[in-house]
Structure formats: structure tokens, C-alpha cells
Amino acid sequence: MKYRNPKKENDLFSMIDHQQEVMRTVKGINKLNAVIDWELFRVDLETLLGYDVRDLRKGGRPPFDVVLMLKVLVLQKFYGLSDDEAEFQIMDRFSFMQFLDLQPGDSVPDAKTIWDFRQSLEKDGRDGSRKIFERFGQLLEGQGMLAKEGSIVDASFVAAPRQRNTREQNAQIKEGARPAEFDPNTAVGRQKDCDARWAKKNHEVHYGYKNHAKVDAKSKLVSGYATTPASVHDSQVFEELIDEDDEAVFADSAYQSEASCEYLLKKNCQNFIQFKATRGHPLSEEEHATNKLRSRIRVRCEHVFGRMSQMAMDQLRTIGLVRAKQHNALCNLVYNMDRYAFLRR
């Protein structure tokens, strides 16, 4: 071989040394294993899926361990991998095997198995991904990571695969109806997303959904979230995100309204929403100065969405609101795990 070092022979021991060297290096997703006890999720996963892997029926291939499958989903979101790419990369990369506690030659979940496991978490309205997110949130709160002295509320677009519909079809979808011509051809119908919506912001057009997040101002951890079509205004889920435990709320001027101010007063929560100018009533110098001070804290939420964008979490591969909710739940969970590993460093 032209590029091989002729002074060194490649044998079985060299391959083992190479593998061990890779596994001694804790980088990327493997930093999560150092700080997270994955057994925390076992009981919830087994309860959600309706079976106990420790009491299998005789016969047939045993299913993959539920904690292993959860880690596969985390791996996917961390690197933005599709099901097929995740299957290949797990077999190909020592670092991925290390994260999943697998050895060369071990069985690896295939793309269909990964898809089925992800679907089973949401089957029959289980909302399993949110429950896993909340379970990890209990860990964060128990360790004092979520101070709740101040919360930041904001939303980010999650792009969905764009549709090629006629104007008449788009009009029916906007009114909440599904065009009749979608269903006769199942190959066409299952590719049509009737839940996603168009939205325009700052002269940019977006299609898909929104991830409405409540972020702890001190730790930059996501403490709550909601998923809506992209056309839903940010302020419409404000009350859903804020609860009695929040002592103060920071948000941009899109959330400024009489209703939001009254709601915060009702919850005995300090109002740090940025002031908004209206027609004939420009902001005073004092309000401009106040907005500048509040934005220094509020901007920390942009760091959260920026990190999610780096991890390709602002792109949706699936169709429908149910799967969009699961996508956002897993993305917020994986972001929290990544942030938690950083804070524990």
C-alpha cells in the first residue's frame, strides 16, 4: 500500500491497541456516560412499553435493551443522524460502540428497529418522550441545576419537509381539512403533512413547527417546552409555560401584552418582558435603557437555540404534529444532557 508505514505490521494486537486508544479518549457524546446514570430511565421505559425485559417469553429473538435503545435515540439527535445512518455509524465507529457499551461483533439495532422503538414511545398517546424529558428534569432539579430564580421564554422554528400542494389544497389544509385526493394514493398521502404551517418573520419564510422553550436563566437548561405549528404566535403558549414556581420571567417584546402582564401578576411572578413601542407611543429613553439591561439576560436563550442548531436539531425528518412533538422532546432532552455534562465538567 502506498500510504502504509512499512516499519509497522498490522495484526490483531495492533487493532486492539487502536480500539483501546479510541475508547480511552472521552470526547463528543461519550462525555455523557461520565455524568449520567442511564438506569434512571429503565423503569419509565419498561412501563411505557408494557413489558419487562427481565421476564421474556420463551422463543424468538429477545428485544434489545430499552436503555440501549434510548441511548441510540440520544445518539441520533446528538449528531443529527437518520435511522439508516445511525445503524451504519454504530457499526463503523468505536466511539459510538463505547457510548452504547457494545463490542465489535455484538448485534446492532437496525434502522427498522430504531424506528419501531421511537414509534412505540408515542403509541396510544403515551407521550413517552416528554416523560423521559421530565424524568431527567427531576434529576436536574434535585441537584439544584434548575434554580428557577429567573426563566427565559422564547421560541424557535423547526423546519419540516416542504410540501408541493396546489393552492386549493393549501387552502383546505389551512382551514383544518385534509384534501380528499391525498388518501386514494397511500404513497402520496403518507408524505403529506397537514399539521405544519407557513410563517413569515423578518422577511424570512418558514414552514414547519415551533419549539417554545422555557430556559433557566442561570444554567441555560430547558425546564419546559411546548410544540405548535409555525403559524402559532409565541405569546399564545406563554401561560402554558409559566407556573407558580417561576419567580421572574424574561422575554422579548412579542410576549408584551396586557393579558401576559395580568397573568404574571396573578402568579406573583416578576415581569421582565421587554417593552414594545406602539403606533404613536414610541419608547422613552428610560424604557430603551431598561430593554438593553433585560436583553443581556434574555439573550441567553438564543445560546440554547444556537447550540441546537449546531446539532442539526432545527430540522425535522418526519411528518405530523405528533412526531414533531417527539422530535422537540428528544431535542430538548439531548440539549439538557449536553449542557449538564458541561456544567458538571
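One is the number of the first residue; the rest follow in order along the sequence. These numbers come from the heavy atoms of this one structure, side chains and all, not from hydrogens, waters or symmetry mates.
Of all heavy-atom pairs between E244 and K267, the closest is OE2-NZ, 2.7 Å. The minimum heavy-atom distance between M69 and I114, with the atom names listed, is CE-CA, 3.9 Å. Residues G320 and D195 approach most closely at CA-OD2, 3.6 Å, considering heavy atoms. The minimum heavy-atom distance linking L241 with K214 is given by the pair O-NZ, 2.9 Å. Between R197 and P229 the shortest heavy-atom distance is CG-CB, 3.7 Å. Looking at every heavy atom in both residues, P282 comes nearest to A277 through CA-CB, 4.1 Å.
Between the side chains of S223 and D216, no donor-acceptor pair of N or O atoms lies under 3.5 Å. A donor and an acceptor atom, one from each side chain of N165 and K192, are located under 3.5 Å apart. A side-chain donor-acceptor contact under 3.5 Å links E181 and Q169. Side-chain contact check for E85 and Y79: no donor-acceptor pair (N or O, by modelled atom type) lies under 3.5 Å. Looking only at atom types and distance, the side chain of Q310 has a donor-acceptor partner in the side chain of R307 under 3.5 Å away. Side chains of K200 and H206: a donor-acceptor N/O pair is absent below 3.5 angstrom, by distance only. Side-chain contact annotation: T47 with D44, donor-acceptor N/O pair under 3.5 Å absent. Under the 3.5 Å distance criterion, with hydrogens and angles disregarded, a donor-acceptor pair is assigned to the side chains of Q76 and D83. Side-chain atoms of T228 and H212 include a donor-acceptor pair closer than 3.5 Å. In this structure, a donor-acceptor pair under 3.5 Å is present between the side chains of S151 and D246. S129 and E122 are linked by a side-chain donor-acceptor pair at a separation below 3.5 angstrom, with hydrogens and angles left out of the test. Q274 and R298 are linked by a side-chain donor-acceptor pair at a separation below 3.5 angstrom, with hydrogens and angles left out of the test. Using a 3.5 Å distance cut-off with no hydrogens or angles, the side chains of T113 and D110 do pair a donor with an acceptor. With no hydrogens or angles considered, no side-chain donor-acceptor pair links W198 and N170 at under 3.5 Å.
Checking each of V72, I90, N33 against F99 for a side-chain contact (heavy atoms from CB on, under 4.5 Å) leaves exactly one that passes, namely N33. Checking D338, V158, N332 one by one against M308, the side-chain contact (heavy atoms from CB on, under 4.5 Å) holds for a single residue, N332.
The local environment of NZ in K276 is crowded, with over 12 non-hydrogen atoms from other residues, nucleotides or ligands closer than 6.0 Å. For N268, the CG atom sits in a loose shell: 12 or fewer heavy atoms of surrounding residues, nucleotides or ligands are nearer than 6.0 Å. Within 6.0 Å of NZ in K325 there are 12 or fewer heavy atoms belonging to other residues, nucleotides or ligands. Remark: E39 CD is packed, more than 12 non-hydrogen atoms of other residues, nucleotides or ligands lying under 6.0 Å away. Other residues, nucleotides and ligands contribute more than 12 heavy atoms inside 6.0 Å of the CG atom of D245.
Considering CG of N291 and CZ of R296, their distance stands at 12.0 Å, rounded to 0.5 Å.
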Determine whether W38 and L32 satisfy the following criterion, side-chain contact (heavy atoms from CB on, under 4.5 Å), listing intermediate values before the conclusion.
CA-CA 10 Å; W38 296 97; L32 302 186; 4.1 Å; yes

Pair R323-Q326, side-chain hydrogen bond (donor to acceptor under 3.5 Å, both in side chains): steps then yes or no
CA-CA 5 Å; R323 291 171 181 168; Q326 184 186 53; over 6 Å; no

Apply side-chain hydrogen bond (donor to acceptor under 3.5 Å, both in side chains) to residues S156 and N211 and explain how you reach the verdict.
CA-CA 5 Å; S156 178; N211 180 16; over 6 Å; no

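Between K71 and D65 no salt bridge is recorded (no basic side-chain N to carboxylate O distance below 4.0 Å). Comment: D127 does not engage K131 in a salt bridge, judged by the lack of any side-chain N to carboxylate O separation of less than 4.0 angstrom.
By the 6.0 Å and 45° rule, R294 stacks over the aromatic ring of F275. Note that R93 lies in the cation-pi zone of F96, set by a 6.0 Å cut-off to the ring centre and a 45° limit from the axis.
Without hydrogens or angle criteria, Q315 side chain to A160 main chain gives no donor-acceptor distance under 3.5 Å. Side chain of R118 to backbone of L73: no donor-acceptor contact under 3.5 angstrom is found.
Ring to ring, F136 and Y340 are close: their centroids are under 6.0 angstrom apart. Here F157 and Y209 keep their ring centres 6.0 angstrom or further from each other.
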